[in-house]
Amino acid sequence: MRCLFSFLLVSFLLSVNAQCDTQLTITPKFKANPLELNKTYTIGKDTITFTNLKFYISNLQYFKNDSLVYTSVKKAHLIDLSNEQSFQINEKKSFEFDNIKFNIGIDSLTNVSGIFEGDLDPVNGMYWTWQSGYINFKLEGYATHCPSRNNKFNWHIGGYLEPFYAMREIALDCNSNKPNEIVIQLDELFKKIDVSKIYNVMSPNEKAIHIADVLPKIFKVAKE
Amino acid sequence: MKQKSLFIFGIAFVLMSFIFKQGFEWFNPPYYFPKPVYDFKQNSLDSNKIDLGRILFYDPILSKNNTISCASCHSPYNAFAHTDHDLSHGIFDSIVNRNAPALFNLAWQKSFMWDGAINHLDVQALAPISHSSEMGSDISEVIKKLSLSKEYKHLFSEAFKDSTITSSKILKALSQFQLTIVSANAKYDRVKLGKETFTEQEKNGYNLFQINCASCHTEPLFSNYNFENNGLPIDPTLNDLGRYAITQNENDKRKFKVPSLRNLSYTYPYMHDGRFMTLNEVVNHYTNGIEKSKTISTHLEKPILLSANEKVDLIAFLLTLNDKDFVFDKKHQFKKLSVQTKENK
């Protein structure tokens, strides 16, 4: 009897727990299709393949009618195209929201506060070792018009010190049919950044800031 | 009820004083040292962690082919600097573009490396571990190698109550050991504490030091740890612009972090590129060799004038900054990896 009771209690708790989660899905796309590694995409005269996409979403906050309803417990979420699980952000609470705010990248305070575990662990390849600081957004691949060796481009966008402070804050209105899905429109990045001119960015500098400025424009709430 | 809470409070008090005492044993700078920059609350000192950090510091397992340890370029007998070579060398006999700085009194440093590239002691070790000319490895590789070692598994579980090896644990242990490398027992310190007195010559040298050098080499750490251009002509084979490489700010061109003058007899050669072998050359640089440029330190705008005798006196004072007890202190020296670390202490 006691056994049955505890079983019921546990299953009840589990079901409540499942219902209580709020999920946010991150979908990197190229034009209409979800982005895949090592697949060929065309834009203008360029054929592009991607070998790596990783970026941080940090200080994620949910709002309803302009008031804060929830702040993500995790300080930073590492989104990694090679790890599908990372596309799902699960908040252990049920709530409604009509607006979200977050940072693309890692703030300066975290950048000067030493070592962290989990998504911020330097083993994730998102930390510069020769010069302290997180890489906020990392995109690597090949583009036919890229004049580098093997047409490879490396965009490692980071920097926590002015004038090369590369973190960007973003707010998205979630009044849509699909308020729980954030799309990252990579093709738009290539419309704004000429990969034949800017292809190796691996330190905090003007080129990094140029790309960082475009990043907030490619994050959108899914429409349908 | 009251008694019980009193009892718990009492136990907590005893425990806290014990913890405090433990930290005190490992990190006990003299009263005239400033407040440390390092936040010990984020990584409180613990003898097991310090021991682990010490073993890691001397273990070439941190390098790609198990040949280079931290101590390869930061030898305890040289106040944790690399002597004899102008530019330090690492894995596969690679030569890097700077002279490895001496390591001590790190708890007071705001940034690390000659150009301040590293902003926190806990992330500092990532740089040499990953540098292709230093240790040529990376932290994931180090974690893998350490995780295969029974001895290390044991030491990590002793230190962190959990045998899983992570970057954070490795780096915090390394920081703990490095934080305990405090140099504060030179003749200068003993004079400061009233235990000894300066000779007339040292006293005169001290006066000259305070007039000419102390604005950058601030007492009692003998550095303000700021970045300054000290008028060294650029070596065209290196073209090292120092801090500028990090900030890309024109005003930072040719600036390097002011090094401490403590232990200077042990840490030759001098300057970021080890261009001067002797203290005489260094002093002569400041009196005769300053190259004026846009970013020259404001403290060097007026020439430093010293007679031959004054130079001798100044150097006599500088030698009182050598901390022999520190350099030969066994508790900072090589410790072998072994499971019975506690018994071997």
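All chains are named by letter (A, B, ...) in the order of the sequence lines, taking the proteins before the strands, and each is independently numbered beginning at 1. Note that the structure is predicted; figures quoted are calculated from it, not measured. Computed over heavy atoms, backbone and side chain alike; hydrogens, waters and symmetry mates excluded.
- Contacts of B/L121 with chain A are absent, with no heavy-atom separation under 4.5 Å from either backbone or side chain.
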Check chain B against chain A and list any donor-acceptor pairs under 3.5 Å.
{"residue": "B/A117", "atom": "O", "partner": "A/S132", "partner atom": "N", "Å": "2.9"}
{"residue": "B/N119", "atom": "N", "partner": "A/S132", "partner atom": "OG", "Å": "2.8"}
{"residue": "B/N119", "atom": "ND2", "partner": "A/N111", "partner atom": "O", "Å": "2.9"}
{"residue": "B/N119", "atom": "ND2", "partner": "A/Y160", "partner atom": "OH", "Å": "2.8"}
{"residue": "B/S167", "atom": "OG", "partner": "A/D121", "partner atom": "OD1", "Å": "2.3"}
{"residue": "B/S167", "atom": "OG", "partner": "A/D121", "partner atom": "OD2", "Å": "3.1"}
{"residue": "B/Q248", "atom": "NE2", "partner": "A/P204", "partner atom": "O", "Å": "3.2"}

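- One distance of note links CD1 of A/I115 with CD1 of B/I139; it measures 7.5 Å at 0.5 Å rounding.
- Residues satisfying the ring pair (Phe, Tyr, Trp, His ring centres under 6.0 Å) test with B/F177, not counting sequence neighbours, are B/F57.
- Of the atoms belonging to B/I246, heavy atoms from both backbone and side chain fall under 4.5 Å from chain A.
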